[in-house]
Amino acid sequence: MIGLIDCNNFYVSCERVFQPALRSRPVVVLSNNDGCVIARSEEAKALGITMGTPYFQIEYLIEKKNVAVFSSNYTLYGDMSARVMEALQSFSPETEIYSIDEAFLRLEENFEETGNKICKLIYQWTGLPVSVGIAPNKTLAKIANRTAKKLKSSVFEMSDAKTRDEVLRETPIKDVWGIGYNSTKKLNALGIFNAFQLKNFDRRHARKLLSVTGARIVEELNGETCLPLDLAPAPKKSITCSRSFGGHVESFADLHDALGCYLVRAGEKMRKNNLTARAVTVFLATNRFSKQPQYSNSHTIELINSTDSTRELREWTRRALAVIYKKGFLYKKVGVILQGLRSESAETIRLRGEKDYQKDKRLCAALDQISRKFGRDAVRFGCRSNSKNWQMLAEHKSACYTTNLREVLRIAN
DNA sequence: TCTGGGGTCCTAGGACCC
DNA sequence: TCTGGGGTCCTAGGACCC
């Protein structure tokens, strides 16, 4: 059997751990730039605040209903997530970390009892509430988890076929894992509205209508296993870093500064995974919601030598940006994608510039160390301007309680 | 005024090869 | 240039996930 452990309203719960007074208050967490709502407490859901709603559209409600608002604090959520996953590993060697707040787990026996133990241990270690769904495969475990949340119970087991059919009848098609907006429309047009109907849908038709992904879903709803546990996730194929700006940016210099910061982040991530890149893409875009003239473009440069040097990549990203930059537009976003990633050990010695490259490697290693120890802004890679109009908005950010000694929670004085 | 970021997988179609 | 079958690789775009 497969268990799906999912933290309840994860980001909100992380904030509540450190501010228990918020436990009975509606709470929301916003996306980067304080743009949209991306997590809601049950109380906030009850107020009709939906996922992805732009913050400015509900600001009146926030004030009127005394909703607590947070900017997203990924340092905190990432650290809390690691603690949850560590607790989980003690229950089974076969664990797949699926996302920041979810993991699949193979369970051998005493399913419901184990589920309850899991909830208890995670709460004891982290203060976070979780739900566990248990079923024969991943797709059904997802549905079991959704049911646990719906019933406000921490564990829901769906091992017998009769229970499954009952639950599937109550599960709208759009809530099936892998069925998104477009597939829902297609299935609805054929009169299929719930998971039980999809289970009995002709597999060949499913394959035709929704490709192999759809066919697999039908199989799994029937109790077969098509999606194995992914115990050792494949190495990353690409690393992206991009942000929308708080304001807008016009000049090449400002865009390049912003891009430089994202590249540093992407480079750190790449080196942490012992990878090098063989190609780099830069993209930029104006604000798609604005009535101003629109422009977006991207440019990819294939590298002769794969590299993990931020200094070297900085030169390539500057060139790529120069290819697509057009004067006169109000830009809202720029980003970098490192592609063709492969293990550092697969690198070959360069015919030219090997010595400089080795020097770069030492430089990057030193910078990575400094930034780990003293924070991301301790040293910068040649940012020229102090322009603040590309900085992100984060007006409601909580402290990094668990990762920064200076921000540790204080009790009384 | 204000609308997130980072990924993966699948398919169709074109280019090219023998 | 025509004839046919069988295959690989690459890319763009779509769909989906959290």
Side-chain angles (χ1 to χ4, degrees), chain A residues 4-11 28-40 49-60 62 69-74 77-78 81 96-104 138-139 142 145-146 173-187 206-217 226-227 230 233-248 262 265-266 269-270 273 279 281 283 285-292 298 300 302 330 332-341 389 392-396:
Chain A
L4 173 66
I5 292 81
D6 187 315
C7 301
N8 304 349
N9 314 323
F10 181 56
Y11 297 168
V28 297
V29 176
L30 305 177
S31 65
N32 279 342
N33 272 318
D34 296 342
C36 307
V37 173
I38 53 168
R40 307 156 295 156
I49 299 174
T50 52
M51 195 74 168
T53 310
Y55 179 47
F56 71 91
Q57 285 177 6
I58 51 157
E59 239 174 319
Y60 71 96
I62 300 280
V69 177
F70 289 92
S71 305
S72 33
N73 183 347
Y74 289 104
Y77 311 150
S81 169
E96 174 187 340
I97 298 175
Y98 176 66
S99 75
I100 193 164
D101 73 329
E102 275 174 69
F104 292 103
K138 287 183 173 180
T139 305
K142 274 276 199 185
N145 189 287
R146 176 181 172 277
I173 204 78
K174 70 168 175 49
D175 290 334
V176 175
W177 189 39
I179 302 292
Y181 179 77
N182 287 289
S183 304
T184 300
K185 269 200 302 194
K186 284 186 201 167
L187 289 166
R207 160 84 225 226
K208 235 180 176 171
L209 192 71
L210 309 171
S211 90
V212 295
T213 9
R216 277 184 205 138
I217 292 169
C226 301
L227 306 165
D230 203 351
K236 281 184 186 300
K237 293 175 181 167
S238 70
I239 292 174
T240 306
C241 189
S242 81
R243 295 281 180 281
S244 295
F245 307 136
H248 60 251
Y262 309 153
R265 307 272 315 260
K269 215 186 270 180
M270 175 168 61
N273 287 281
T281 298
F283 60 90
T286 51
N287 185 351
R288 64 197 162 106
F289 298 103
S290 141
K291 292 202 174 76
Q292 301 285 331
S298 72
T300 301
E302 308 274 340
L330 301 177
K332 186 66 180 174
K333 186 177 198 170
V334 66
V336 58
I337 311 175
L338 305 177
Q339 287 153 304
L341 300 182
N389 45 7
M392 267 197 323
L393 233 58
E395 292 181 341
H396 312 279

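First the proteins, then the strands, lettered A, B, ... as listed; each starts at 1. Just so you know, these numbers come straight off a predicted model, no measurement behind them.
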A:Tyr77 OH to B:dG6 P: how many Å, rounded?
16 Å
Whole-Å distance between B:dT3 C1' and A:Lys291 NZ?
14 Å
Need one value for A:Arg216: base, sugar-phosphate or nothing, where a base atom within 4.0 Å counts as base even if backbone is also close, heavy atoms only.
sugar-phosphate
Work out how far the P atom of B:dT3 is from that of C:dC18, and round it to whole angstrom.
25 Å
Hey, is the side chain of A:Arg288 poking within less than 4.0 Å of OP1 or OP2 on B:dG4, counting only N and O atoms?
yes
In whole angstroms, how far is the P atom of B:dT3 from the CG atom of A:Leu30?
12 Å
Across all chains, not counting sequence neighbours, the salt bridge (charged side-chain N to carboxylate O under 4.0 Å, His left out) partners of A:Asp175 are A:Arg146
For A:Tyr55, which contact category applies under a 4.0 Å heavy-atom criterion: base, sugar-phosphate, or nothing?
nothing
Nearest-nucleotide comparison on DNA chain B, the residue closer to the 5′ end among A:Thr213 and A:Gly35:
A:Gly35
Contact class for A:Asn32 vs. all strands (heavy atom < 4.0 Å): base, sugar-phosphate, or nothing?
sugar-phosphate
What is the distance, rounded to the nearest whole Å, between atom OH of A:Tyr262 and atom P of B:dG5?
8 Å
Tell me whether the side-chain N/O atoms of A:Lys333 come closer than 4.0 Å to OP1 or OP2 in B:dG5.
yes
Counting any heavy atom closer than 4.0 Å, what does A:Ser238 reach on the DNA or RNA strands: base, sugar-phosphate only, or nothing?
sugar-phosphate
Whole-Å distance separating the CD atom of A:Gln292 from the P atom of B:dT1:
11 Å
Let me know, please, whether A:Pro54 or A:Lys237 comes out on the 5' side of the other along DNA chain B by nearest nucleotide.
A:Pro54
State which residues pass salt bridge (charged side-chain N to carboxylate O under 4.0 Å, His left out) with A:Asp34; sequence neighbours excluded, sorted by chain then number.
none
Does a donor on one side chain sit under 3.5 Å from an acceptor on the other, for A:Gln339 and A:Thr281?
yes
Specify the separation, in whole Å, of atom CD of A:Glu59 and atom P of B:dC2.
13 Å
With sequence neighbours left out, write down each residue that passes salt bridge (charged side-chain N to carboxylate O under 4.0 Å, His left out) with A:Lys138, or none if nothing qualifies.
A:Glu96
Non-neighbouring partners of A:Phe70 that pass ring-ring contact (aromatic ring centres under 6.0 Å, His included), sequence neighbours left out:
none
Intra- and inter-strand pairing of DNA chain B, written as dot-bracket with Watson-Crick and G-U pairs under 3.5 Å and | for the latter, reads ....||||||||||||||
Expected string for nucleotides 7-18 of chain C under the B/S/- scheme (protein heavy atoms, under 4.0 Å, primed atoms plus P, OP1, OP2 as sugar-phosphate) is --------SSSS
Which whole-number value in Å describes the distance from A:Asn33 CG to B:dC2 P?
11 Å
Distance between the P atoms of B:dA15 and C:dC2, in whole angstroms?
16 Å
So how far is it from A:Asn273 CG to A:Ile239 CD1, rounded to the nearest 0.5 Å?
6.0 Å
A:Tyr77 meets the ring-ring contact (aromatic ring centres under 6.0 Å, His included) criterion, sequence neighbours left out, with A:Tyr11, A:Tyr74
Nearest-0.5 Å distance, CZ of residue A:Phe10 to CD1 of residue A:Ile38
11.5 Å
Have a look at A:Lys269 and say if it touches a base, only the backbone sugar-phosphate, or nothing, with a 4.0 Å heavy-atom cut-off.
sugar-phosphate
Across all chains, not counting sequence neighbours, the ring-ring contact (aromatic ring centres under 6.0 Å, His included) partners of A:Phe245 are none
Taken in chain and number order and not counting sequence neighbours, the residues that satisfy ring-ring contact (aromatic ring centres under 6.0 Å, His included) with A:Phe56 are none
Return the value, rounded to whole Å, for the distance between atom CD1 of A:Ile38 and atom P of B:dG5.
10 Å
